[in-house]
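Take a look at the structure set out below.
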Amino acid sequence: MTANSNPSRYEPFFRPFEGAGLRLRNRIAMAPMTRRKAPDDRVPEESIAAYYERRARHGVGLIITEGTHIDDEHAPDSENVPGIFTDAQQEGWIRVVEAVHRADSAIVMQLWHTGRHAMDPIAPSALPAPKHDGGFKPTPRAMSEHDMLAVRDHFAEGAARAKAAGFDGVEIHGAHGYILDSFLSETSNQRTDSYGGSFENRMRYPLQVVRAVRDAVGAGYPVLYRFSQWKSEDYQAVTFPDPDTLGVWVNALQETGVDMLHVSTRDAVEPAFDGPSPTLAGLSRSLSGLPTIAVGRVSVSTSMNQGERVHVTDPAPAADLIRNGEVDLIAVGRSLISNPDWCEKVRAGRWRELIPYERAHLAELQ
Ligand SMILES: Cc1cc2nc3c(=O)[nH]c(=O)nc-3n(C[C@H](O)[C@H](O)[C@H](O)COP(=O)(O)O)c2cc1C
């Protein structure tokens, strides 16, 4: 017999949310997670619709799709990631959206270009991404102005297609060392033109992409932006060295047309900076005034890609972030892969019954 926790500790997760153009029945979002289950034409199939619908039916308020490629040129880092650049892909996504809507959840599409991690990599500068084994990925081609316009337009076209497919919003993937983040970071951006050098210059291209996406979807359509300190090639990376730099960034996003921030941290409750500091998500919210999603290590014992054994932990500290008004939504990643019924178990205080995450669950597509 396992002891249940008092359900009132988790009540903040289940408060309705209205803001950023979204109306959600609760504060739980499914974090975007790549599974590489699409066929070769990158058209999402029924199994993908069923996978998201299952999480929706069990109570997730907002589904954020797996990263979805915006072109077939330099965006993909692998085969079998779904796309949003052909009519057939757009049609396929309509079925996913309808399934999630039938289950009373909202769904936004994450738009993804992998930049220097791509199979045919392009990046602000010809600097290869380090690999975790000490080696390097292939050296990317430094982007010309023509490349930058093309990628910008592909983000905008993907956003327009997502809107046409019925998505409730789009999330621009600006995190984890991929193309937009690689412009922001001085380790990957060593350009000498107006897109490199100062932080203001390094922000310029990501903001141009935001503006193009906003123009493509029009006013009033939810645009989310995901960013991070960490990069897939460096978990200790620091793009925002202090709260002032973070403030410049999140206010620029707000002014350029972003409605909601999705601040990707590896531990949602960790302070952003040394000393007494709110979380990176909490600080981003208070500096920008934008509704904000926090994520990382909710109900799992390790950060992403850390350690072999993942135990189940109490999600109450994440609920407290909402209770304290620090963030608006909490995104759950790995634990929602292993537990489509996460919301039901946690709402009842039965988090100890959650199934520990294993990488193998990803392949099972349940
Ligand atoms: C298998 C897997 C795939 C992921 N794919 C993406 C992705 O496509 N886009 C993205 O922004 N983050 C991606 N992430 C990061 C997650 O969205 C999330 O931020 C991270 O797993 C931390 O949350 P968790 O500790 O609850 O798992 C992925 C994580 C995992 C485990």
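Only heavy atoms go into these numbers, but all of them, side chains included; no hydrogens, no water, no symmetry mates. Counting convention: from 1, in listed order, for ligands and their atoms alike.
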Region of Arg226 that comes within reach of ligand 1 [heavy atoms, distance under 4.0 Å] =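 Near ligand 1, Arg226 shows its side chain, while the N, CA, C and O stay back.
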inquiry  = Heavy-atom distances under 4.0 Å decide this one: backbone, side chain, both or neither, for Met304 against ligand 1?
reply    =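 Side chain only.
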query = Going by the angle between their ring planes, with limits at 30° and 60°, are His173 and Trp112 parallel, tilted or perpendicular?
reply = parallel
request  = Just say parallel, tilted or perpendicular for the rings of Trp93 and Tyr52, cut-offs at 30° and 60°.
outcome  =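 Answer is tilted, since the angle falls between 30° and 60°.
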task = Supply the atom-to-atom distance Ile355 CD1 to Asp341 CG, rounded to the nearest 0.5 angstrom.
result =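 Ile355 CD1 to Asp341 CG: 7.0 Å, rounded to 0.5 Å.
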inquiry  = Would you say CG of Asp133 has more than 12 non-hydrogen atoms from neighbouring residues, nucleotides or ligands within 6.0 angstrom?
reply    =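 Yes, the 6.0 Å shell around CG holds more than 12 heavy atoms from other groups.
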Would you say ligand 1 has an N or O under 3.5 Å from any N or O of [X]?
| X | value |
| --- | --- |
| Arg334 | yes |
| Arg297 | yes |
| Thr34 | yes |
| His173 | yes |
| Ser335 | no |
| Gly67 | yes |

query = To which of Ala29, Gly333, Pro32 does the heavy atom nearest atom 17 (O) of ligand 1 belong?
reply =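 Looking at heavy atoms only, the winner is Pro32.
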task = List every atom of ligand 1 that sits less than 4.0 Å from any heavy atom of Leu362, numbering the atoms from 1 in the order shown and giving each element.
result =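 Atoms satisfying the 4.0 Å criterion: 1 (C).
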ask   = Which atoms of ligand 1 sit under 4.0 Å from any heavy atom of Gln110?
value = 7 (C), 8 (O), 9 (N), 10 (C), 11 (O)
key: Presence of salt bridge, Glu326 and Arg285, under 4.0 angstrom   =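 Salt bridge flag = no for Glu326 with Arg285.
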key: Cationic N near anionic O, under 4.0 Å, Asp234 to Lys231   = no
